[in-house]
Amino acid sequence: GGFFTLAINGEGLNTLWGWGNNLYYELGVSNGNFCDELDQEDDGHCRRINFPVKIDIIDENNQYQPLSVAAGATSAAAILYDGQIAHWGNLLLLNNSLIKTPEIVPYHYDWYRLSIGLKHILALKDNQHLYAWGDNSNGQLGIDLEGESYTTEPALADAFGPMKRISAGSGTSFGVLNDGTLMAWGNNEFGQLGDGTTETRLTPIVIPHPRGLEWLKVSAGNCHVVAIDQNHHLWSWGCNFGGQLGNGQAWVTTPTRIH
């Protein structure tokens with residue numbers, strides 16, 4: 001995540017652990033028993049924790065086991081063994097979106113995959129339907145919120161078709177359909193959507209494979225993307241300020257193979 005790490009210990013009952021930055025409660029703990037005075041605020045909140053601490057996902061009736069976990073810039077979420085999702089931190093970087101300890105996302109079950117971007121979350125259910133929540137200022141949710149710039153509740157993005165892979169970036173979103181088609185939407189300032197332009201897309205567009213092959217997996221970074229095709233070849237596009245594209249070029253706006 002953004003200056004913090006999460007991990008699941010699978011020995012016995014699965015337990016969730018975290019360490020690093022906790023300014024926005026990214027670690028899901030709020031008391032001051034885990035840090036010294038230099039990293040502690042007046043209310044006892046630890047801004048930073050330098051060793052692994054256990055993150056409890058509980059409500060008044062249950063303690064939940066994490067199945068998988070994802071870390072974003074200032075927030076995190078976990079899929080639980082019963083198919084629910086818990087999330088915490090500050091997804092929207094707004095005062096009213098701060099969640100200090102893990103909370104169950106209500107009224108939703110059967111989650112099996114999730115990805116957290118800078119300020120939004122994508123998640124798939126067992127039926128491969130896509131849901132999204134968080135910031136939508138660049139259209140990264142792929143949903144018409146009727147004038148609202150964000151939503152704090154999962155909203156069905158059912159215009160895409162069944163998806164098998166998803167990845168949320170910094171204001172961008174990507175999904176691979178069951179037939180291997182790659183979809184992209186959201187911010188495109190550096191050509192990171194891969195459509196050959198720098199035009200932000202409020203609705204999903206198809207990113208064709210340069211050789212007509214199927215896409216298998218996709219992973220979005222801050223302003224660049226990497227993807228693997230059916231022949232297990234690696235491709236990249238978007239910004240390249242740190243050489244992250246691996247192709248020796250400044251930046252590219254369409255998929256370029258990494259040899």
Side-chain angles (χ1 to χ4, degrees), residues 1-60 62-105 111-124 133-135 152 166-172 217 219-224 226 241-242 244:
F3 306 105
F4 70 102
T5 302
L6 301 173
I8 293 176
N9 184 345
E11 295 182 0
L13 297 178
N14 279 13
T15 54
L16 180 61
W17 298 77
W19 58 96
N21 191 56
N22 193 42
L23 182 63
Y24 296 105
Y25 297 89
E26 297 97 316
L27 303 182
V29 295
S30 59
N31 65 54
N33 296 330
F34 306 112
C35 59
D36 56 34
E37 293 182 358
L38 293 177
D39 292 323
Q40 191 171 3
E41 296 180 350
D42 292 339
D43 63 357
H45 169 224
C46 287
R47 295 185 295 266
R48 182 178 60 188
I49 300 175
N50 295 323
F51 55 89
V53 294
K54 186 171 178 289
I55 303 170
D56 289 319
I57 304 175
I58 60 176
D59 61 20
E60 61 232 14
N62 300 289
Q63 178 159 350
Y64 298 92
Q65 285 191 67
L67 181 63
S68 63
V69 66
T74 57
S75 64
I79 296 179
L80 311 176
Y81 263 94
D82 66 355
Q84 296 189 87
I85 280 181
H87 61 173
W88 60 95
N90 199 349
L91 177 63
L92 291 166
L93 290 176
L94 299 172
N95 290 335
N96 62 357
S97 71
L98 185 64
I99 303 174
K100 296 182 178 181
T101 57
E103 290 185 1
I104 302 296
V105 176
W111 301 106
Y112 90 100
R113 181 162 287 156
L114 65 86
S115 178
I116 306 182
L118 177 64
K119 297 168 65 176
H120 74 295
I121 296 177
L122 303 176
L124 292 176
W133 62 101
D135 178 54
T152 58
I166 52 175
S167 185
S170 179
T172 59
K217 298 179 181 180
S219 181
N222 184 38
C223 58
H224 81 291
V226 293
F241 301 120
Q244 61 265 46

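One-based numbering along the sequence shown. Since the model is a prediction, treat every value here as computed from it, not as a measurement.
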Side-chain heavy atoms of Leu93 within contact of Leu118, under 4.5 Å: no
Identify the heavy atoms of [X] and [Y] that sit nearest to each other, and give their distance.
{"X": "Ser115", "Y": "Ser167", "result": "OG-CA, 3.5 Å"}
{"X": "Asn22", "Y": "Cys46", "result": "ND2-O, 2.9 Å"}
{"X": "Leu16", "Y": "Trp88", "result": "CD2-CH2, 3.6 Å"}
{"X": "Pro102", "Y": "Ala86", "result": "CB-CB, 4.4 Å"}
{"X": "Gly117", "Y": "Ala168", "result": "N-CB, 3.4 Å"}
{"X": "Gln84", "Y": "Val105", "result": "OE1-O, 4.3 Å"}

Measure from the side-chain N and O atoms of Gln244 to the backbone N and O of Gly242, and report whether any donor-acceptor pair falls under 3.5 Å. yes
Under 3.5 Å, is there a donor-acceptor pair between the side chain of Asn14 and the main chain of Leu67? no
Considering residues at least two apart in sequence or located in another chain, which fulfil the salt bridge (Lys or Arg N to Asp or Glu O under 4.0 Å) criterion with [X]?
{"X": "Arg113", "answer": "none"}
{"X": "Lys54", "answer": "Asp56"}
{"X": "Asp135", "answer": "none"}

Within this structure, what is the [atom1]-[atom2] distance for the pair [X] and [Y], rounded to the nearest 0.5 Å?
{"X": "Phe34", "Y": "Asn50", "atom1": "CZ", "atom2": "CG", "answer": "13.0 Å"}
{"X": "Ile85", "Y": "Ile79", "atom1": "CD1", "atom2": "CD1", "answer": "5.0 Å"}
{"X": "Trp19", "Y": "Leu27", "atom1": "CH2", "atom2": "CG", "answer": "9.5 Å"}
{"X": "Leu91", "Y": "Ile121", "atom1": "CG", "atom2": "CD1", "answer": "5.0 Å"}
{"X": "Arg47", "Y": "Cys35", "atom1": "CZ", "atom2": "SG", "answer": "8.0 Å"}
{"X": "Asp39", "Y": "Arg48", "atom1": "CG", "atom2": "CZ", "answer": "4.0 Å"}

Of all pairs that satisfy salt bridge (Lys or Arg N to Asp or Glu O under 4.0 Å), the ones with a partner from residues 63-88, not counting sequence neighbours: none
Contacts of type ring pair (Phe, Tyr, Trp, His ring centres under 6.0 Å), residue [X], not counting sequence neighbours:
{"X": "Tyr112", "value": "none"}
{"X": "Trp111", "value": "His108, Tyr131, Trp133"}
{"X": "Tyr64", "value": "none"}

For a side-chain contact (heavy atoms from CB on, under 4.5 Å) with Glu26, tell me which candidate from Asn21, Thr5, Ile49, Leu6 qualifies. Asn21
Considering residues at least two apart in sequence or located in another chain, which fulfil the side chain to side chain donor-acceptor pair (under 3.5 Å) criterion with [X]?
{"X": "Glu41", "value": "His45"}
{"X": "Thr15", "value": "Trp17"}
{"X": "Ser170", "value": "Asn222"}

Applying side chain to side chain contact (heavy atoms under 4.5 Å, CB included) to Ala70 and not counting sequence neighbours gives Leu114, Ile116
Contacts of Thr101 that satisfy side chain to side chain contact (heavy atoms under 4.5 Å, CB included) - sequence neighbours left out: Ser30
